[in-house]
Amino acid sequence: MKRVYLILLLGSLMACSKSNTDDAITCTEEFVYGLNVTVRDANTDVLLTDAEVTVQAQDNDYNEMLEFNAVVFLGAGERPGTYTLTVAGINYETFISDPVAIALTEDECHVVPQAIELRIQPN
């Protein structure tokens, strides 16, 4: 009986390890957003939502309107690049960020998410 457990244990360890001759990487099916942006009113520190502002990300010719989810704007899903963020709202001055770099993880399966907090001035 102990021998069966030992064989099963060794078999499972071998199945989880990367072979020296097999360079294949197994990625998870998780979807990772590279940009996780919170936007606050610079005067009141109040968290702003998609009812007050929009957040747009641009990387060269690529343009994306970030999606609002609870308290954060999400974008650049599984897409590395260097993004400039533009925040606009009817009651706020338009804000343009410095470039934000989104890189791939070491195994190149996902992007490394960047949590960014922006404070924008009301009109």
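Since we're looking at a predicted model, the values are computed, not measured.
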Rounded to the nearest 0.5 Å, what's the gap from [atom1] on [X] to [atom2] on [Y]? Could you check?
X     : Y      : atom1 : atom2 : answer
Leu48 : Thr54  : CG    : OG1   : 11.5 Å
Thr84 : Gln56  : OG1   : CD    : 10.5 Å
Arg79 : Glu64  : CZ    : CD    : 8.5 Å
Leu47 : Thr38  : CG    : OG1   : 6.5 Å
Thr44 : Arg119 : OG1   : CZ    : 9.5 Å
Leu85 : Phe73  : CG    : CZ    : 11.0 Å

Q.
Can you tell me which residue among Val100, Val72, Val111 is in a side-chain contact (heavy atoms from CB on, under 4.5 Å) with Leu35?
A.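 That would be Val100; it is the only one of Val100, Val72, Val111 passing the side-chain contact (heavy atoms from CB on, under 4.5 Å) with Leu35.
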
**Q.** Residue among Leu104, Val32, Thr105 satisfying side-chain contact (heavy atoms from CB on, under 4.5 Å) with Val112
**A.**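 Filter result, single survivor: Thr105.
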
So which atom in [X] and which in [Y] form the shortest heavy-atom distance, rounded to 0.1 Å?
X      : Y      : result
Met65  : Val55  : SD-O, 3.5 Å
Pro122 : Asn43  : CG-ND2, 3.4 Å
His110 : Glu30  : CE1-O, 2.8 Å
Tyr92  : Asp41  : OH-OD2, 2.8 Å
Ala57  : Tyr83  : CB-CD2, 3.9 Å
Ile102 : Gln114 : CD1-CG, 3.3 Å

Q | Short side-chain donor-acceptor distance under 3.5 Å, Asn91 and Glu52 | A |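 On atom types as modelled, these side chains do not qualify, holding no pair under 3.5 Å.
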
Q.
Going by the rule side chain to side chain contact (heavy atoms under 4.5 Å, CB included), which residues pair with Glu93 if we only count those two or more places apart in sequence or in a different chain?
A. Gln121, Asn123

Q. Do Leu66 and Ile96 share a hydrophobic cluster, counting only Ile, Leu, Val, Met, Phe, Trp and Tyr and linking them when any side-chain heavy atoms are less than 4.5 Å apart?
A.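 Different hydrophobic clusters.
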
Q | Any donor-acceptor pair under 3.5 Å from Glu67 side chain to Asn69 backbone | A | no

